[in-house]
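Worksheet: the structure to be examined is printed underneath.
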Amino acid sequence: MNTDDPELLGRALEGEEDAFTALYRRRQGGVYRFALQMTGSVEVAEDVTQETFLALILHGSRYDAARGTVSSFLYGIARNFVLRRLDGWREAELEEFAGHDDLLEDLTRRESIEQVRSAVLSLPPAYREVVVLCDLQDASYEEAAAVMACPVGTVRSRLSRGRSMLARKLGRIAVCGSVE
Amino acid sequence: MKPEDQVLAALKALAAHDREREAPEQLEGRILEAFRRKSARRSWRQSAMWSLAAAAGIAVAIFLAFPREHVVPVATTPREITTEFFPLMDVQLPFERGQLLRVMVPAGTLRTVGLPVNEDRLTERVQADVLVGEEGLARAIRFVSYEQ
């Protein structure tokens with residue numbers, strides 16, 4: 001039987017290691033990928049994943065099912081750790097990357113996936129997180145809103161704006177088919 | 001393909017590429033170790049709380065088991081009540097320094113400052129503070145009693 005997240009969390013908070021392990025194994029991938037896609041660093045992604053689950057151990061009782069899913073709760077914690085690291089970080093690198101308006105040629109190369117990743121990483125954090133959550137992590141608008149602590153309308157508008165910025169950065173990507 | 005569709009396709013490709021990426025296995029060990037430490041602290045805290053609760057329960061039971069007359073009343077210091085100072089001299093001399101002396105005086109002294117005293121208690125002694133100037137003259141007096 002597939003136990004749901006809130007039950008696993010409740011049992012974990014009671015000290016059941018099996019429940020915590022199950023919850024960790026179910027959710028660590030999403031948290032890790034979210035951090036990785038937000039920062040582009042496997043080291044930071046690992047640190048953020050660790051910090052997120054340690055925070056869950058210490059403060060998991062703050063989870064309120066009325067405010068969202070356990071998954072959203074975890075992304076919310078991870079987001080805080082990510083944003084702390086992004087504060088004043090990579091700015092120079094992002095500015096440099098932002099100068100490339102047309103990646104058409106680059107996208108035809110084998111590393112085209114990494115070019116898309118770089119384009120995502122070049123977005124300002126407010127737009128990057130919504131693209132990562134909704135387009136890369138398959139979160140619903142409601143889940144993303146819960147993670148970002150903002151209205152659903154803000155998620156929609158930021159997502160639209162983020163995608164437009166990506167389109168500009170990636171240029172005329174007729175080549176996009178090559179990365180599929 | 002519209003630009004937005006192209007972006008979505010590119011993002012879809014990136015998501016698919018990353019789908020299998022997970023935190024390193026050794027991380028699970030570190031996090032579970034932290035979980036065990038937290039659980040151990042929690043168990044210890046719960047044990048301590050149960051012990052305290054049990055001790056409190058025993059204390060209450062012992063208290064209730066004792067008959068009232070066995071309970072020794074705890075001595076408390078009664079609160080001191082003082083009157084205002086009453087002048088003892090008709091002429092008010094300048095007062096700069098002096099001493100306050102705690103003395104026992106006959107209850108009749110209360111009458112000298114206009115306070116009522118029961119006739120049959122005139123010979124009893126009451127406590128008073130006498131303010132003595134540095135020249136040695138008694139300037140004022142106040143009477144002291146204790147709250148019952």
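The sequence lines fix the lettering, A, B, ..., with proteins before strands; numbering per chain opens at 1.
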message = Applying a heavy-atom distance below 4.5 Å, give me the residues of residues 65-77 of chain A that approach chain B, sorted by number.
response = none
request  = Below 4.5 Å from any heavy atom of chain B, which atoms of A:Val131 appear? Answer side chain, backbone, both or neither.
outcome  = side chain
ask   = Above 12 or not: heavy atoms from other molecules or residues under 6.0 Å from CD of B:Gln26?
value = yes
request  = Ignoring hydrogens and angles, tell me if any N or O in the side chain of A:Arg163 forms a donor-acceptor pair with the backbone of B:Leu8 under 3.5 Å.
outcome  = no
query = Mind checking whether A:Val42 and A:Leu121 sit in one hydrophobic cluster, side chains of I, L, V, M, F, W, Y counted as touching below 4.5 Å?
reply = no
key: Separation between CZ of B:Arg19 and CD of A:Gln137, rounded to the nearest 0.5 Å   = 9.5 Å
query = B:Val7 versus A:Asp135: any side-chain heavy-atom pair under 4.5 Å?
reply = no
ask   = With a 4.5 Å limit on heavy-atom distance, are the side chains of B:Glu28 and A:Gln28 in contact?
value = no
remark   = So, the part of A:Arg33 with a heavy atom under 4.5 Å from chain B: the answer is side chain
key: hydrophobic_cluster_shared for A:Tyr32 and A:Val132, side chain cutoff 4.5 Å   = no
Residue pairs involving residues 69-82 of chain A (criterion salt bridge (Lys or Arg N to Asp or Glu O under 4.0 Å); sequence neighbours excluded) = A:Arg79-A:Glu129
inquiry  = If you define the side chain from C-beta out and look only at heavy atoms, does anything of B:Asp18 sit under 4.5 Å from A:Leu136?
reply    = no
Side chain, backbone, both or neither of A:Val31 within contact of chain B (heavy atoms, under 4.5 Å) = neither
message = Other residues, nucleotides and ligands only: do more than 12 of their heavy atoms fall within 6.0 Å of CD on B:Glu80?
response = yes
ask   = Considering residues, nucleotides and ligands other than B:Glu33, do more than 12 of their heavy atoms fall under 6.0 Å from its CD?
value = yes
query = Tell me, do A:Gln37 and B:Arg21 make a side-chain contact under 4.5 Å, heavy atoms counted?
reply = no
inquiry  = Restricting to non-hydrogen atoms, name the atom on A:Glu46 and the atom on B:Pro24 that form the minimum distance, rounded to 0.1 Å.
reply    = OE1-CG, 3.3 Å
message = Non-hydrogen contacts under 4.5 angstrom with chain B: give the residues of residues 141-159 of chain A involved, or none if there are none.
response = none
ask   = More than 12 foreign heavy atoms under 6.0 Å from CZ of B:Arg30: is that the case here?
value = yes
key: Interface residues of residues 55-63 of chain A facing chain B - heavy atom cut-off under 4.5 Å   = A:Ile57, A:Leu58
inquiry  = Would you say A:Leu36 ends up clustered with A:Leu83 if hydrophobic residues are merged whenever their side chains have heavy atoms under 4.5 Å apart, either directly or through other cluster members?
reply    = no
key: Heavy-atom pair with the smallest gap, counting every atom of B:Ala10 and A:Leu170   = CB-CD1, 4.4 Å
key: B:Leu27 reachable from A:Val48 in the ILVMFWY side-chain graph, under 4.5 Å edges   = yes
inquiry  = What I'd like to find out is whether the side chain of A:Phe20 reaches to under 4.5 Å of the side chain of B:Ile31, using heavy atoms alone.
reply    = yes
